[in-house]
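Worksheet for the structure shown next.
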Amino acid sequence: MANKVVKVIPAKQVDYVTTLPGVVKKKRVCAYARVSTSQDEQTNSYEAQVNYYTEHIKSNPEWEFAGIYSDEGITGTSISKRAGFQRMISDALAGKIDLILTKSVSRFARNTVDSLTTVRKLRDKGIEVYFEKENIYTLDSKGELLLTILSSISQQESVNISQNVAWGKRKSFADGKVSFAYSSFLGYDMGPDGKLYIVEEQAEIVRRIYNEYLLGYPVDYIRKRLTADGVPTPMGKKEWQSCVVRNILTNEKYIGDSILQKTFSVDVLTKKKKKNEGELPQYYIENNHPPIISREMFEMVREEMERRKENGQMVYVSHFSGRIQCGQCGHYYGRKVWHSNSPYRCFHWHCNNKFEGQVCSTPTIKEKAIEECFVKAFNELFQKKDEILDNYKKSIDIICDDSAYVSRKEELEIICESKAEVIKDFLFKCSKSPDDIEQVNKQYDDYILELEKLQNELQECNKNIALLAAKRSKINSFIYGLEAQKHMLTDFDPEVWQLAINRMVIYPDLTVKFIWRDGSETSTIIERGVKEIKKGAKRKKVEPVLSDRTCMYCGEQLYDNPGYVRKIFCNTTCRRKWCKQEKVESVQEYEENQRNK
């Protein structure tokens, strides 16, 4: 048997670029350039990259220039927002590019996953990427290993840069440095001295939104009115959105203050933002710039929002909505229209629970009577205006004194901290000693119970401090509204109603209790405009009675229903068949024909 012979057939050095017989096809080569910011030094770097690669590719006789793809002022942590990069990859996968040149791994991508995924897609199509700084060819056997290591380093570098930037921002927050997005903020602009000043034309729009909300208009209605009047949005658009109106109503910058670090980045790579709900410290800067809205009005809007949310009445039809309460069942009054299609059209208010199975004897009242009742009650209050204001100026600090709660809160915080240390030391000690486990658990439970009691007391202190702060705010709002009124009312004023009243309660005996914004109460009587609506008695069901008449079509004996028109057919079917038989449209036509004969 002959000996086995192994012959080696040498491999051909085949380029990934296709060739024609006798002619070598040039490689189609492009370059990718990117800078992460639009600053001057970065712009110079960007232009230098573009010029360098354009000349470099065109100077090589074996290469064909396939273009320069670029992204200016865009981060490399994600490819999703880099239009130039995505266009380059699409062209490469479509067979228009054979080789991609780029300055370094960090210019290509700072995300390890993005780098490797993209390079593997290109490699499957025979497309090579060359990283000049690191001297890596991706079709080389060692290319992917080096690329993985360097991409990870670039990603970590991006994370470090982001952390440094975040630290710098938080340091500026702590120093009280406030930044404004003027292009999307209504009412302010930056002066030549670097300070904020009020743009009166825009400030009037802000004041209008606050005033209309306090007049009882819902956010959606305010939005529609602004759009209809041609008022431009903060971004200069024609169509207002409800969220924009709501943001203006809740933005503390309109009272001259500013809260810093409302949001923060969750992930460096995705740039996802999250609302700061206590994960990071916030900084409240008071009196940072001139206010457009008074603090009292801002507080009244906040209270109004909470009241509407609590009442579940998100759609408001009047300034009385959600402010008139039934004194018998506690439900709120709703508005009804009477004589809607006549000259006597008017509005009435009654308890919403009145006709829903509940026996509620509170009266139905004309809207005009409610207005007159409020005018009477407010004028009685206004006569004591000087006395009320003087009393509050003397006693508001006593009424809203929270010093005892603040002092106790500070004590509890220290005690809780020391208790937590005791528990920590106890657990550490127990882990080192072979004590009885049941005794240890019992002692631990006692410590935890004691700590929970202290924390509950601390929570109660915080609650009382917040309640007293809210009470002070309500009293200040009431004082603000009372001081703004210079004379007694002659007619109902919706703005005074919103500024002065919390709610009114109507009782079955026509007594009305007004609960003012400061928490004080006064009572009066509704004198007219009251109409008590009682449910009518259920109609007694009447049984049909057999008559001496028969159906005109089928001859069946008919029944009569007392109080209704007497029947001449059994049903509709008999009437149709009879009309078809007599060749008429209706019984009336048949009778008319008979009379004419």
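- Looking at S520, its side chain never comes within 3.5 Å of a backbone N or O of W516 through a donor-acceptor pair.
- S418 places a side-chain N or O within 3.5 Å of a backbone atom of I415 that can act as its donor or acceptor partner.
- Y210 and Y254 have perpendicular rings, their planes meeting at more than 60° on a 0 to 90° scale where under 30° would count as parallel.
- The two residues I255 and I293 make their nearest non-hydrogen contact at CG2-O, 3.4 Å.
- Atom-to-atom distance recorded for E452:CD and D445:CG is 9.5 Å, nearest 0.5 angstrom.
- K393 has no carboxylate O lying under 4.0 Å from a charged side-chain N of D390, or vice versa, which leaves the two without a salt bridge.
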From CA spacing to verdict: salt bridge (Lys or Arg N to Asp or Glu O under 4.0 Å), D402, R472:
CA-CA 11 Å; D402 62 353; R472 181 184 289 273; over 6 Å; no

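- In terms of modelled atom types and a separation under 3.5 Å, the side chain of Y333 and the main chain of R323 share no donor-acceptor contact.
- For the pair I448/I423, a side-chain contact is recorded, criterion being any heavy-atom separation below 4.5 Å from C-beta on.
- Rounding to the nearest 0.5 Å gives a distance of 11.5 Å between NZ of K463 and CG of N456.
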### Step-by-step side-chain contact (heavy atoms from CB on, under 4.5 Å) determination, T102 to E132
CA-CA 6 Å; T102 188; E132 187 175 18; over 6 Å; no

Exercise for the section: Let me see the working for C416 and L451 under side-chain contact (heavy atoms from CB on, under 4.5 Å), right down to the final yes or no. Expected result: CA-CA 7 Å; C416 286; L451 181 60; 4.3 Å; yes

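- For OH of Y197, the number of neighbouring non-hydrogen atoms (other residues, nucleotides, ligands) closer than 6.0 Å is greater than 12.
- To the nearest 0.5 Å, the span separating CD on Q241 from CG on D220 amounts to 9.5 Å.
- Judged by distance alone, with hydrogens and angles left aside, the side-chain atoms of N247 form a donor-acceptor pair with the main-chain N or O of C243 at under 3.5 Å.
- Note that the CZ atom of F514 and the OG atom of S523 stand 9.0 Å from one another [nearest 0.5 Å].
- Atom OH of Y405 is separated from atom CG of L412 by 12.5 Å, given to the nearest 0.5 angstrom.
- Counting only heavy atoms from C-beta outward, the side chains of L249 and V219 approach each other to under 4.5 Å.
- Q325 contributes a side-chain N or O that, together with a main-chain N or O of G330, makes up a donor-acceptor pair within less than 3.5 Å.
- Here the closest non-hydrogen pair linking C351 and T362 is CB-OG1, 3.9 Å.
- No side-chain heavy atom of F131 sits less than 4.5 Å from a side-chain heavy atom of S104.
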Requested in this report: Given ring pair (Phe, Tyr, Trp, His ring centres under 6.0 Å), test F85 with Y32 step by step and report yes or no.
Outcome: CA-CA 7 Å; F85 184 87; Y32 177 71; 5.3 Å; yes

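- Salt-bridge annotation for K453 and E450: absent, with no side-chain N of the basic residue lying under 4.0 Å from a carboxylate O of the acidic one.
- For the residue pair G84 and D71, the shortest heavy atom distance occurs at N-OD1, 2.9 Å.
- Side-chain atoms of R208 and E204, non-hydrogen and from C-beta on, never get closer than 4.5 Å to each other.
- Enclosure of atom CD in Q443 by more than 12 non-hydrogen atoms of other residues, nucleotides or ligands within 6.0 angstrom is indicated.
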- request: Go through V406 and I465 one step at a time and tell me if the side-chain contact (heavy atoms from CB on, under 4.5 Å) criterion holds.
  value: CA-CA 7 Å; V406 172; I465 292 169; 3.9 Å; yes

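- Atom CD1 of I475 is separated from atom OH of Y392 by 5.0 Å, given to the nearest 0.5 angstrom.
- Side-chain contact between M504 and I515: absent, with no pair of heavy atoms (C-beta onward) separated by less than 4.5 Å.
- Around atom CD of E201, no more than 12 heavy atoms belonging to other residues, nucleotides or ligands sit under 6.0 Å away.
- Between T250 and M305 the shortest side-chain heavy-atom distance falls below 4.5 Å.
- Residue K385 qualifies as enclosed at atom NZ: its count of foreign heavy atoms under 6.0 Å is above 12.
- When side chains are defined from C-beta on, I292 does not count as touching Q202, because their heavy atoms never get closer than 4.5 Å.
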Pair W240-I209, side-chain contact (heavy atoms from CB on, under 4.5 Å): steps then yes or no: CA-CA 12 Å; W240 281 76; I209 291 171; 4.2 Å; yes

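- Annotation: side chain of M88 is in contact with side chain of I100 (closest heavy-atom distance under 4.5 Å).
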Exercise. Go through E411 and R408 one step at a time and tell me if the salt bridge (Lys or Arg N to Asp or Glu O under 4.0 Å) criterion holds.
Key: CA-CA 5 Å; E411 291 177 9; R408 180 57 180 163; 3.2 Å; yes

| message | Using salt bridge (Lys or Arg N to Asp or Glu O under 4.0 Å), reason through R207 and E200 one step at a time and then give a plain yes or no. | response | CA-CA 10 Å; R207 295 187 188 106; E200 277 301 326; 3.3 Å; yes

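- Here the two rings, on W497 and F378, have centers that are 6.0 Å apart or farther.
- Looking at S395, its side chain does come within 3.5 Å of a backbone N or O of N391 through a donor-acceptor pair.
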